[in-house]
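Structure, as structure tokens:
Starting from 1, each residue takes its place in the sequence as its number.
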Amino acid sequence: MKHLSALLAIAGICIALALIAWFGFDNIAGAMAKIAATDFAVIVGWQFALFAVLGVAWFAVLPHGAARHPGQTAWARMVRDSSGNCLPFSQLGGFVFGTRAAMLTGMGWANATASTVVDVTAEFLAQLVFSAIGLSLLLAEAPDSAFAMPAG
């Protein structure tokens, strides 16, 4: 299994290098140079703050003693989101990786799996509320917009 992991890591690095070569290092470096270091730091800091809040929320749905501290669930959430974004066709894979990451920190499989389902459901419901707020703002600000009816 360790050899397979190493081979897959090497394959991933090769694919990343091939993509950089395909699009051109100059183009990638130019795009990255347009982002100020402070702006990038704000984005990264905001993402870590978000992971902390989401990790605490996930920790809160666990039974007492299922996890030692919220850092475990924050780590599992980072793994879940990262793998879900990196796997091109599998958001479901992110849920599996997040559950596995929680288990690797010492959480039992039943608690890891059940709390992942609860966390994903809560995230889905929050996205529905967020979408409803956005649609309400669109309809309030631009009710005659050609985009208002299809979005509704």
Side-chain angles (χ1 to χ4, degrees), residues 5 8-63 66-67 70-105 107 109-152:
S5 296
L8 290 174
I10 291 169
I13 291 169
C14 289
I15 290 170
L17 291 173
L19 287 171
I20 290 170
W22 176 267
F23 289 106
F25 181 77
D26 293 342
N27 292 333
I28 294 170
M32 289 178 66
K34 290 180 182 178
I35 301 173
T38 54
D39 294 340
F40 184 72
V42 167
I43 292 169
V44 171
W46 177 256
Q47 191 63 48
F48 276 114
L50 184 61
F51 282 135
V53 169
L54 294 172
V56 169
W58 187 353
F59 183 78
V61 302
L62 287 167
Q72 291 175 274
T73 50
W75 171 254
R77 184 61 191 234
M78 283 191 272
V79 169
R80 184 177 108 190
D81 285 356
S82 299
S83 59
N85 289 332
C86 290
L87 296 171
F89 302 110
S90 178
Q91 282 293 320
L92 197 57
F95 304 147
V96 173
F97 284 149
T99 302
R100 180 67 178 144
M103 290 170 59
L104 290 174
T105 65
M107 193 183 304
W109 72 268
N111 285 324
T113 303
S115 63
T116 297
V117 171
V118 171
D119 188 48
V120 169
T121 304
E123 181 180 5
F124 174 72
L125 294 173
Q127 288 293 333
L128 287 178
V129 171
F130 183 71
S131 298
I133 291 169
L135 181 60
S136 298
L137 289 172
L138 173 66
L139 293 174
E141 294 295 319
D144 297 330
S145 167
F147 185 67
M149 282 306 289

Show me, pair by pair, the donor-acceptor contacts under 3.5 angstrom made by side chains of residues 109-116, not counting sequence neighbours?
residue, atom, partner, partner atom, Å
Thr113, OG1, Trp109, O, 2.8
Ser115, OG, Trp58, NE1, 2.7
Ser115, OG, Asn111, O, 2.6
Ser115, OG, Ala112, O, 3.3
Thr116, OG1, Thr99, OG1, 2.9
Thr116, OG1, Ala112, O, 2.7

Contacts under 3.5 angstrom, residues 28-57 side chains, donor-acceptor by atom type, not counting sequence neighbours:
none

Run the side-chain donor-acceptor check on residues 124-141: report pairs under 3.5 Å with partners two or more places apart or on a different chain.
residue, atom, partner, partner atom, Å
Ser131, OG, Gln127, O, 2.9
Ser136, OG, Ala132, O, 2.8

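Nearest heavy-atom pair across Ala146 and Pro150 is O-CD, 3.2 Å. The heavy-atom pair separating Ala76 from Ala101 by the smallest distance is CA-CB, 3.9 Å. Nearest heavy-atom pair, Gln72 versus Thr105, reported as atom, atom and distance to 0.1 Å: NE2-O, 2.7 Å.
Partner of Ile13 under the side-chain contact (heavy atoms from CB on, under 4.5 Å) criterion, chosen from Leu17, Ile15, Ile10: Leu17.
Of the possible donor and acceptor atoms, none in the side chain of Ser82 sits under 3.5 Å from a partner among the backbone N and O of Val79.
Within 6.0 Å of CZ on Phe97 lie no more than 12 heavy atoms contributed by other residues, nucleotides or ligands.
One distance of note links CD of Glu123 with CG of Asp81; it measures 6.5 Å at 0.5 Å rounding.
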